[in-house]
Amino acid sequence: MVTGRGQPAHAEDELPKATYQAELTIPEGQSEPLPAEVRALLEPQSRLLRLQDDPPATLFALHRRAEDDASHLLDVLHSAGYYGATIQPMVDSRDNPAKVALRIKAGPVYKIQAFDVDYRPQADYDSPQAAEQVGLKPDSPAQAETMLAAVEHLRELLRQRGYPASQISEQTFTVDHQAQTLSARLVVDLGPEAHFGEMQYEGLERVKESYLRSLIPWPPGTRWDASKLEDYRRTLLSSGLFDSITISAPPPTVAGENVPITVRVREADQRSLGAGTSYSTSLGPSVNAYWEHRNLLGEAEDFKTEAKWGQSISSLSSTLTKPNFWRRGQSGTASAVLSEESLDAYDKTALALAASLTRPLNRQWRASVGATFDQASITDTDGQHDSSLIGAPLGLRYDGTSDLLDPRSGFKLSASVIPYTGFHEGPVTFVSSRLDGSAYLPLDEAQDYVFAVRGGVGSILGGSRTSVPADKRFYAGGGGSVRGYGYQLAGDVDSAGDPVGGKSVIETGFELRMKITDSIGLVPFVEGGRAFDGNQPDFGQGLLWGAGLGVRYYSPVGPVRLDVAMPLDRRPGVDNAWQLYVSLGQAF
């Protein structure tokens, strides 16, 4: 056929499309509707439903699409444990559009009857034999995802128990339609039992090989355990010394062989320069710059020198942190800080020296112990004082949150106790302690809306308020404390309106973190707190409350925050009408 313009017409342009309407139904004669959980499995997988707006060219093609869809959806039902299911495709072309129905009889979900493993050669008593050992529960739904996970779990268990070359040579799954159960039988070729052999390293330049060997978490000749090998790889990667790490080993050839292991690394840049800035209405602007070397002596020692200059606080500090100090996982830190502070509460020039040991108790808990020496010259409302103090800080911290700079779930706790002794207008001894916690509750599945709450309490035992140096007293107010009030101003003040600090403190705060777009968020918040003269909070005085609104920009390095807050208990001549804070990371 030829068109009016003399061009051949395409055959498909002449034929009408086989338009249709499709639905999932139950067979005739059954009154119960298709269960919602079955529809949820099938509807997203159905090509008939997805392609209704793109019908095939012919009725024959429509029949083929329906049959293919029925076959595919039957596989979906089987994988979900409906092994007795049937699907009958029906196409009624008497109407236009045609009516297409997939008549589904799902039946019951089959249960797991058995998970048997045959080893060649025969395995020892430590090899998995029962369903429970690979994460399966008898009589639980026989879903394909669950069974495949059990098979993979079996592979991992064997590699953790001395058989790195083990292979599953046969897999048989038997369906008993009468009993409505599924049984699995696996045949495993174990291969030779292996042990850890000599470690060899390739690609090292500045990192000492002896240091990497000290991190190996097993003694020579230990039976092969793939989980320990992965733990070692994660330890090396978390050091920050390497861009990439590859660990390889040849398969064992004889039983009991000590298999050599090769670790190939590419070292990362180990020196860096950086700078930053922050601003608050109370403290004014501040800038900082630092130089850092993350492998100072070849064993991952982190040395950082930082200079900060601000309108109210300036400092020069150096910190050396040595990981795996004395024992694996434990870190040692030494620091020296020379600082000058000009605050409403006091003016101070000080030298602070500190050393500490930090040890993880498990993945969430960390404990620390240390020693400090502070030499300071302080001028406050009571005059000028020189102080020399020795402290012994003890700390305990739990962190179960999802992210350091932007936590969206979980909670964290920290507790510290610091005994001090020394001189401040005479001999002085006191103990400062503090407990803080915060929790994060996501309000939606994507965690775009998070309710965050925090609280803290502190107390100083020993001596009077004036016998405790002003820089060691508790204060409240400012960013990270009670926003809306000036820095350290949420508490008692002297006749000039300057804060005097206290021997106890209490703080609390609430935020609703709302992510409006991928990069912008809004955060309304309310915070309260106060520093008290006595060593216990005096609730009769009440807390000072502030409220405000923040904007968050979610940058690649963490959220940048801008908060505006006002005091709800404003004191004439003491508190400003509002405060502004700009910084990196969430307020808590």
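Small disclaimer: the values here were computed from a predicted structure and weren't measured.
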Quick one, [X] and [Y] - any side-chain contact, counting heavy atoms below 4.5 Å?
| X | Y | result |
| --- | --- | --- |
| Val560 | Leu584 | yes |
| Leu77 | Ile104 | yes |
| Pro442 | Arg408 | no |
| Thr222 | Lys228 | yes |
| Tyr119 | Ser166 | no |
| Trp224 | Leu229 | yes |
| Leu73 | Ser46 | yes |
| Gln180 | Lys111 | no |

Test side chain to side chain contact (heavy atoms under 4.5 Å, CB included) on Leu212 and Leu204 and set out the steps. CA-CA 10 Å; Leu212 301 188; Leu204 293 178; 3.7 Å; yes
List the atom of [X], the atom of [Y], and the distance in Å for their closest heavy-atom pair.
| X | Y | value |
| --- | --- | --- |
| Tyr440 | Ala452 | CD2-CB, 3.7 Å |
| Gly391 | Tyr420 | CA-CD2, 3.9 Å |
| Lys322 | Glu301 | NZ-OE2, 3.5 Å |
| Asp69 | Gln45 | OD1-O, 4.2 Å |
| Ser248 | Arg264 | OG-NH1, 2.9 Å |
| Asn295 | Ala300 | OD1-N, 2.9 Å |

With rounding to the nearest 0.5 Å, note down the distance linking [atom1] in [X] to [atom2] in [Y].
| X | Y | atom1 | atom2 | result |
| --- | --- | --- | --- | --- |
| Tyr449 | Asp444 | OH | CG | 7.5 Å |
| Ile418 | Leu389 | CD1 | CG | 11.0 Å |
| Glu170 | Arg120 | CD | CZ | 5.0 Å |
| Tyr554 | Ile520 | OH | CD1 | 9.0 Å |
| Gln447 | Leu441 | CD | CG | 9.5 Å |
| Gln113 | Thr174 | CD | OG1 | 11.0 Å |

Are [X] and [Y] within salt-bridge range, i.e. N to O under 4.0 Å?
| X | Y | value |
| --- | --- | --- |
| Arg185 | Asp118 | yes |
| Arg454 | Glu527 | yes |
| Arg552 | Asp406 | no |

Lys/Arg cation over aromatic Phe588: Arg513, 6.0 Å, 45° cone: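 Output yes; distance and angle both within limits.
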For [X] and [Y], indicate whether the former's side chain and the latter's backbone hold a donor-acceptor pair under 3.5 Å.
| X | Y | answer |
| --- | --- | --- |
| Ser238 | Thr235 | yes |
| Arg561 | Gly585 | yes |
| Arg50 | Pro44 | yes |
| Glu209 | Tyr201 | no |
| Asp189 | Gly191 | no |
| Asn288 | Ala275 | no |

Do [X] and [Y] have side-chain N/O donor and acceptor atoms under 3.5 Å apart?
| X | Y | answer |
| --- | --- | --- |
| Ser286 | Ser278 | yes |
| Ser433 | Ser459 | no |
| Thr181 | Asp176 | no |

Quick one: sort the Tyr83 and Tyr110 rings into parallel, tilted or perpendicular, breaks at 30° and 60°.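 Rings of Tyr83 and Tyr110: tilted, as their planes differ by 30° to 60°.
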In terms of the angle between their ring planes, are Trp218 and Phe196 parallel, tilted or perpendicular, with boundaries placed at 30° and 60°?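 Because their plane-to-plane angle is under 30°, the rings of Trp218 and Phe196 count as parallel.
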Around atom [atom1] of [X], are there more than 12 heavy atoms of other residues, nucleotides or ligands at under 6.0 Å?
| X | atom1 | answer |
| --- | --- | --- |
| Leu361 | CG | yes |
| Arg328 | CZ | yes |
| Asp269 | CG | no |
| Glu145 | CD | no |
| Lys304 | NZ | yes |
| Arg47 | CZ | no |

Please assess Leu241 against Glu267 for the test side chain to side chain contact (heavy atoms under 4.5 Å, CB included), listing each intermediate value before the final yes or no. CA-CA 6 Å; Leu241 298 175; Glu267 293 189 4; over 6 Å; no
Restricting to pairs with a member in residues 353-367, which pass side-chain hydrogen bond (donor to acceptor under 3.5 Å, both in side chains), not counting sequence neighbours?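 For residues 353-367: Gln330-Arg359.
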Who passes side chain to side chain donor-acceptor pair (under 3.5 Å) against Arg397, sequence neighbours left out?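 Partners of Arg397 under the side chain to side chain donor-acceptor pair (under 3.5 Å) test: none.
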Show your working on side chain to side chain contact (heavy atoms under 4.5 Å, CB included) between Arg155 and Val151 and close with a plain yes or no. CA-CA 6 Å; Arg155 289 192 178 100; Val151 172; 3.6 Å; yes
With sequence neighbours excluded, tell me which residues meet salt bridge (charged side-chain N to carboxylate O under 4.0 Å, His left out) with Asp75.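 With sequence neighbours excluded, Asp75 shows a salt bridge (charged side-chain N to carboxylate O under 4.0 Å, His left out) to no residue whatsoever.
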Stepwise side chain to side chain contact (heavy atoms under 4.5 Å, CB included) check, Leu522 with Val551: CA-CA 5 Å; Leu522 292 178; Val551 177; 3.9 Å; yes
